[in-house]
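Written below as structure tokens is the structure these notes are about.
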Amino acid sequence: ERNDTESKEYSAALSYCYDNTHAGYNDWRLPTKEELLAIIDTDFSPKIDSNYFPNTYNGDFWTSDTTGNSNYGWTVNFASGNPEQKQTYYSYSVRCVRKAASPYVSQTSPVDEAYSFTDEIDITVTFSTEMDTSTINVSETGQCTGSIQLSSDGFSTCTPLANLFSADGGKTFSFAPKDGLVTGNHKIKVTTAAQDQSGNSLSLVYQHDMGFQYSDYTNNNDDTITD
């Protein structure tokens with residue numbers, strides 16, 4: 001984001017962000033009302049975390065939202081922490097934003113092409129950033145409907161999953177096969193329904209290339225296996 005405490009009328013604020021090339025990027029825009037309200041922090045004055053947003057003006061900032069009356073637009077006031085309707089010909093401060101990089105799956109366990117001798121395993125998916133936990137879900141029914149899926153037949157059906165949990169604030173999620181695993185090849189998929197805490201979705205579906213192999217043979221740890 002780029003913060004500018006110079007006051008601008010609403011139309012000038014829109015143009016300022018749209019034409020901005022700060023830091024080499026040309027996709028800046030005026031934030032929505034919800035986006036500015038999302039960074040309100042009442043533990044600070046102005047009501048925004050000064051560790052991340054230093055020197056923020058203690059007043060109104062334009063948003064891209066308009067009201068039912070074209071002569072009025074929404075601001076967010078960082079003194080009160082509230083949205084306010086303002087006449088568009090008045091000048092207020094500007095904070096430009098741009099879309100953050102999309103989150104992605106950084107690691108799974110088992111990894112692609114791994115081999116497992118036990119179906120009593122916790123499977124994990126780790127993302128590049130903290131995710132919106134309400135968008136991370138699994139199916140317990142065998143239907144391929146969750147944002148995280150596991151399948152042994154190319155996702156015609158999915159393995160019922162249970163015990164979805166994150167112990168690190170939404171970056172790594174663990175889960176387990178509800179009824180164990182069948183012998184064969186299993187692939188993990190994460191769909192674009194998964195979103196980070198800023199509302200950014202995965203740009204592409206993540207899926208194992210080969211999957212991990214599971215066998216119900218017993219590993220004797222002596223170069224032999226037992227059926």
Next on the checklist: Quick one, I39 with F78, criterion side chain to side chain contact (heavy atoms under 4.5 Å, CB included). Give me CA distance, side-chain angles, the key distance, then yes/no.
Outcome noted: CA-CA 10 Å; I39 58 175; F78 283 90; 4.2 Å; yes
Checklist entry - Could you go step by step and tell me if V125 and F175 meet the side chain to side chain contact (heavy atoms under 4.5 Å, CB included) rule? => result CA-CA 9 Å; V125 173; F175 50 93; 3.9 Å; yes
Next on the checklist: Please evaluate residues I121 and L181 with respect to the criterion side chain to side chain contact (heavy atoms under 4.5 Å, CB included), reporting the C-alpha separation (whole Å), side-chain torsions for both, the decisive distance (0.1 Å), and the verdict.
Outcome noted: CA-CA 9 Å; I121 59 173; L181 294 174; 4.2 Å; yes
Checklist entry - Given the rule in the side-chain hydrogen bond (donor to acceptor under 3.5 Å, both in side chains) test, do D132 and Q197 qualify, once you have shown the distances and angles that lead to the verdict? => result CA-CA 5 Å; D132 179 351; Q197 294 180 0; over 6 Å; no
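From H22, atom NE2 reaches atom OH of Y16 across 8.5 Å, with rounding to the nearest 0.5 Å. Here CD1 of I188 is found 6.0 Å from CG of L150. Values are rounded to the nearest 0.5 Å. In this structure, the separation between CE on M131 and CD1 on I148 is 8.5 Å, given to the nearest 0.5 Å. Here the straight-line distance linking atom CG of N20 with atom CG of D27 works out to 10.0 Å at 0.5 Å rounding. For the atom pair CG (N185) and OG (S152), the distance works out to 8.5 Å, reported to the nearest 0.5 Å. Atom-to-atom distance recorded for H208:NE2 and E113:CD is 9.5 Å, nearest 0.5 angstrom.
Taking the side chain as every heavy atom from C-beta outward, F61 and V76 never approach each other to under 4.5 Å. Looking only at side-chain heavy atoms (C-beta outward), T56 and S50 stay at 4.5 Å or farther from each other. With contacts defined as side-chain heavy-atom distances shorter than 4.5 Å, the pair T32/D65 qualifies. Looking only at side-chain heavy atoms (C-beta outward), Q149 and V138 stay at 4.5 Å or farther from each other. Taking the side chain as every heavy atom from C-beta outward, F127 and D196 never approach each other to under 4.5 Å.
A single hydrophobic cluster is not seen to contain both Y72 and Y89; linkage of ILVMFWY side chains at heavy-atom distances under 4.5 Å, directly or through other members, places them apart. Connection of V94 to W74 is not established within any shared hydrophobic cluster, with ILVMFWY side chains joined at heavy-atom distances below 4.5 Å, either directly or through further cluster members. At a threshold of 4.5 Å between side-chain heavy atoms, the hydrophobic network of Ile, Leu, Val, Met, Phe, Trp and Tyr places V111 and F173 in two separate groups.
Residue-environment remark: CG (N163) stays at or below the threshold of 12 foreign heavy atoms within 6.0 Å. Applying the 6.0 Å contact sphere to OH of Y18 captures no more than 12 heavy atoms from other residues, nucleotides or ligands.
At distances below 3.5 Å, not a single donor-acceptor pair connects side-chain atoms of D60 with backbone N or O atoms of T75. A donor-acceptor pair under 3.5 Å links the side-chain atoms of T191 to the main chain of A193, judged by distance alone. Counting only distance, with no hydrogens or angles, the side chain of S128 and the backbone of Y104 share a donor-acceptor pair below 3.5 Å. Looking only at distances, no side-chain donor or acceptor of T126 sits under 3.5 Å from a matching main-chain atom of T172. For D112 (side chain) and D209 (main-chain N/O), a donor-acceptor pair under 3.5 Å exists by modelled atom type. Between the K8 side chain and the S91 main chain, no donor and acceptor come within less than 3.5 Å of each other. Judged by distance alone, the side chain of N137 and the main-chain N or O of S147 form a donor-acceptor pair under 3.5 Å. Checked by atom type and distance alone, the side chain of S174 never pairs as donor or acceptor with a backbone atom of D122 at under 3.5 Å. Checking side-chain atoms of T108 against main-chain N and O of P110 turns up a donor-acceptor pair under 3.5 Å.
Every pair passing disulfide bond (SG atoms under 2.5 Å apart) that includes a residue from residues 17-58 is listed here, sequence neighbours excluded: C17-C96.
With respect to Y10, the side-chain contact (heavy atoms from CB on, under 4.5 Å) criterion is satisfied by exactly one of T63, N71, T88: T88.
Scanning both residues, T183 and S215, for their nearest heavy atoms gives CG2-CA, 4.1 Å. Contact between P46 and N58 at its shortest, heavy atoms only, is CB-OD1, 3.5 Å.
Classified by interplanar angle (parallel below 30°, tilted 30° to 60°, perpendicular above 60°), the ring pair H186/F212 is parallel.
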